[in-house]
Trainee: 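Below is one structure. I have some questions about it.
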Amino acid sequence: MTTSASATSGVRVRFSPAPTGYLHVGSARSALFNWLYARHTGGTFIVRVEDTDTDRSRPELTEAIFDALRTLGLDWDETYHQSDRFDLYRTAADRFLDEGRAYRCDCTQDEVKARAEARGGTPGYDGHCRDRDVAPGEGVVVRFCTPDEGTTAWDDLIRDRVEFENTHLEDFVIVRSNGVPMFLLANAIDDIDMGITHVVRGEDLVNTTPKVLLLREALGDTEPPLYAHLPLIVNEQRKKLSKRRDDVNVADYLARGFLPEAMVNYLATLGWGAPDGVEIRPVAEIVEQFELSDIGKSPAMFDIKKLEHFNGEYVRALSVDEFTERATPFISGSDVPWPTESFDPARFAALAPVVQERVKTLDEVPLLVDWLFCADAPDDPDSWAKEMGKAHAVAVLDSAIAAVQVAGEWDADRVRAIVEGAAVDAGLVNAEGNPQLSKAQAPVRVATLGRSKGLPLFESLALLGRDETHRRLAAARARV
RNA sequence: GCCCCCAUCGUCCAGCGGCCUAGGACGCCUCCCUUUCAAGGAGGUAACACGGGUUCGAAUCCCGUUGGGGGUACCA
């Protein structure tokens, strides 16, 4: 193994969330890739909160984003809030004004739009106020003067050369009419100020890159960072994941019982693949193998099925104790299908190993053990209809009820013997005369555990107890 | 409309001019194991968008077409 660079590698990357929503799957992936690169190179991972939109930014969302990052294990080395740095941006804007690199504009958005339409459909600002020498005042913004010719380009680490003709860049706003600086300005200044060496972010931001590059140039910068624009994460319709129509909140996935480490591992496979092809692996190995140059260019679909598979692998890899600990919030909370006081950790512990093998996400746990803590067998109409309608159901139940009633010993072997006996009594024997357990266990299972599928029957009933098993069997028999 | 980007199995990733009759993973299907369901094991299904070049040779390079996506705010 090649040792990664030391902590003095000089690589400085940042994740720049806007606190206008919770941590989004796409943002999490951006954060992850930045973090991976920083850790791989021994560089510095910075979280910079881009809260220049004072109307929409909410402090509590910043905290929620931090929490999610921490839960995912994406620790960072430095924290900044752009709202603490407005003076810096304003000073730069004033200098631009003095130098003639920017100008004030009092056009309303309607005016800009109307002129664009009159011009022939091409949206964008037309430079109307460039030479009007507008005085500061109400409704006045500051616009950056973009070149009328030439091109702005960069060699993207993922996309190779990307070029924009300056003619297509409008004179964009850098300071709002309320005096608050815009993200492009803040972004350009901060990247310089914080010594950012690599900008790793979503492809949805490519078109802002030439503007930032122009701003940096005006700021006197001669050494722009290396840009790496990540392919977007899309939904099944191949559209960018959006909070309107897709499940994108990372916290929601965690609440549904996806393990943070599984989430991180899965996210790492979106747009990136390890050189050796191994997909499921410890994050430390991903850190070791991660290279920006190995990132693909095309959009990746967020495949919940594959995420579930990853999660199942991670769940099964847990020790039973860890599994129990992680599952606890899902079985001892208040929104559980049984009276909270009837939950018994000791009885759950007896089931934990077989439950662990069967769940993909932790929120599936209650459905596998509810029969143990609920007063009656859970009612599942589909299972009932499927098994209790069969010809042998009544015979099996009658036989089982009678046998359970007189059973002395009560353990899994005893239950098995009872089910075997019921099979024979119901005529469920194969050509060799052996009892057909598959068929015989079905009605017993539905009568006691409520569903046609679930945990191993014999062990489950051993735990349920003889009397309760008998009671449920009788209740089901009466209902058939 | 204009600008930018993308294009290998249904999906994710590999392939970076000959090792490709295209590989791995998820999903799906079949079989095995089996008290149900999972898990596990063994198989199987399925792709280089199209058209031109370049080259002895192209999934790999170039151009075009088509398709898809992103952007086009006093959001980031």
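Below, read A as the first sequence line, B as the second, and so on, with proteins coming before strands; counting in each chain starts at 1.
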Trainee: Which part of the nucleic acid, if any, lies within contact of Gly296(A), taking any heavy atom under 4.0 Å across all strands shown: a base, the sugar-phosphate backbone alone, or nothing?
Mentor: nothing
Trainee: Thr146(A): what forms a side chain to side chain donor-acceptor pair (under 3.5 Å) with it, not counting sequence neighbours?
Mentor: Asp171(A)
Trainee: Salt-bridge test for Asp156(A) and Lys297(A): reply yes if a basic N is under 4.0 Å from a carboxylate O, no otherwise.
Mentor: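 No salt bridge links Asp156(A) with Lys297(A).
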Trainee: Could you check whether Thr20(A) gets within reach of a base, just the sugar-phosphate, or nothing at all, counting any heavy atom under 4.0 Å?
Mentor: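 Counting heavy atoms under 4.0 Å across all strands, no contact is made by Thr20(A).
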Trainee: Scan residues 225-235 of chain A against RNA chain B and write down, sorted by residue number, each residue with any heavy atom closer than 4.0 Å; if none is found, say none.
Mentor: Leu232(A)
Trainee: Going by heavy atoms closer than 4.0 Å, what residues in residues 414-428 of chain A are next to RNA chain B?
Mentor: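 RNA chain B contact set from residues 414-428 of chain A: Arg416(A).
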Trainee: May I ask you to check whether Arg14(A) and Ser16(A) show a side-chain donor-acceptor distance below 3.5 Å?
Mentor: yes
Trainee: For G43(B), which nucleotide in any strand shown is its Watson-Crick or wobble partner with both distances under 3.5 Å?
Mentor: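 For G43(B), the partner nucleotide comes out as C29(B), under the 3.5 Å rule.
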Trainee: Could you work out, with side chain to side chain donor-acceptor pair (under 3.5 Å) as the rule, every residue matching Arg316(A), not counting sequence neighbours?
Mentor: none
Trainee: Which part of the nucleic acid does Ser177(A) contact within heavy-atom distance under 4.0 Å: base, sugar-phosphate only, or nothing?
Mentor: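 Since a base atom lies under 4.0 Å of Ser177(A), the category is base.
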Trainee: Contacts to RNA chain B from residues 436-445 of chain A, heavy-atom cutoff under 4.0 Å, which residues?
Mentor: Leu437(A), Ser438(A), Gln441(A), Arg445(A)
Trainee: Give the nucleotide from the list U35(B), G71(B), C75(B) with an atom nearest to the side chain of Asp53(A).
Mentor: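 When the side chain of Asp53(A) is considered, C75(B) is the closest of U35(B), G71(B), C75(B).
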Trainee: Nearest of U11(B), C26(B), G71(B) to any side-chain atom of Arg238(A)?
Mentor: U11(B)
Trainee: Look at the side chain of Asp191(A) and the backbone N and O of Ile196(A), then say whether any donor-acceptor pair between them is shorter than 3.5 Å.
Mentor: no
Trainee: Checking all strands, does Asp106(A) fall into the base, sugar-phosphate, or nothing category for heavy-atom contacts under 4.0 angstrom?
Mentor: nothing
Trainee: So, is Thr269(A) close to the A25(B) phosphate, meaning a side-chain N or O under 4.0 Å from OP1 or OP2?
Mentor: no
Trainee: Can Trp272(A) be called stacked on C13(B) when the rule is centres closer than 5.5 Å and an angle between planes below 30°?
Mentor: no
Trainee: Would you please name every residue forming a side chain to side chain donor-acceptor pair (under 3.5 Å) with Arg256(A), sequence neighbours left out?
Mentor: none
Trainee: Quick one: side chain to side chain donor-acceptor pair (under 3.5 Å) pairs with a partner in residues 426-442 of chain A, sequence neighbours left out?
Mentor: Gln441(A)-Arg445(A)
Trainee: Regarding Leu205(A), tell me which of base, sugar-phosphate or nothing describes its non-hydrogen contacts under 4.0 Å with the strands shown.
Mentor: base
Trainee: May I have all residue pairs that pass salt bridge (charged side-chain N to carboxylate O under 4.0 Å, His left out) and include part of residues 79-93 of chain A, sequence neighbours excluded?
Mentor: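 Residue pairs passing salt bridge (charged side-chain N to carboxylate O under 4.0 Å, His left out), neighbours aside: Arg85(A)-Asp190(A), Arg85(A)-Asp193(A), Asp87(A)-Arg90(A).
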Trainee: Assess the pair Tyr266(A) and Phe302(A): is the distance between their ring centroids shorter than 6.0 Å?
Mentor: yes
Trainee: Using a strict threshold of under 4.0 Å (side-chain N to carboxylate O), is an ion pair present between Arg201(A) and Glu50(A)?
Mentor: no
Trainee: Can you find a side-chain donor-acceptor pair between Asp363(A) and Thr361(A) that sits under 3.5 Å?
Mentor: yes
Trainee: Is Lys305(A) near enough to C26(B) that one of its side-chain N or O atoms lies under 4.0 angstrom from OP1 or OP2?
Mentor: no
Trainee: Taking N or O atoms only and anything under 3.5 Å, show me the protein contacts with nucleotides 4-9 of chain B, one pair per line.
Mentor:
residue	atom	partner	partner atom	Å
C5(B)	O2'	Arg159(A)	NH1	2.9
C5(B)	O2'	Glu203(A)	OE2	2.8

Trainee: When the aromatic ring centroids of Phe310(A) and Phe258(A) are compared, is their separation below 6.0 Å?
Mentor: no
Trainee: Using the 3.5 Å cut-off, write out each protein N or O paired with an N or O of nucleotides 38-40 of chain B and the distance between them.
Mentor:
residue	atom	partner	partner atom	Å
A38(B)	O2'	Glu357(A)	O	3.2

Trainee: Under 4.0 Å, heavy atoms only, any strand: does Leu455(A) hit a base, just the sugar-phosphate, or nothing?
Mentor: base
Trainee: Who passes side chain to side chain donor-acceptor pair (under 3.5 Å) against Arg29(A), sequence neighbours left out?
Mentor: none
Trainee: With the threshold set at 4.0 Å, does a side-chain nitrogen-carboxylate oxygen contact exist between Asp106(A) and Arg132(A)?
Mentor: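 The answer is yes: the pair qualifies as a salt bridge.
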Trainee: Would you mind classifying the nucleic acid contact of Gly454(A) as base, sugar-phosphate or nothing, using non-hydrogen atoms under 4.0 angstrom?
Mentor: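 Base: the residue Gly454(A), judged by heavy atoms under 4.0 Å, touches a nucleobase.
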Trainee: Check the side chains of Ser399(A) and Asp425(A) for a donor-acceptor pair under 3.5 angstrom, ignoring hydrogens and angles.
Mentor: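 Yes.
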Trainee: Check this for me: does any side-chain nitrogen of one of Arg451(A) and Asp370(A) sit under 4.0 Å from a carboxylate oxygen of the other?
Mentor: yes
Trainee: Under the ring-ring contact (aromatic ring centres under 6.0 Å, His included) rule, collect the residues that match up with Trp384(A), sequence neighbours excluded.
Mentor: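 Not a single residue meets the ring-ring contact (aromatic ring centres under 6.0 Å, His included) criterion with Trp384(A).
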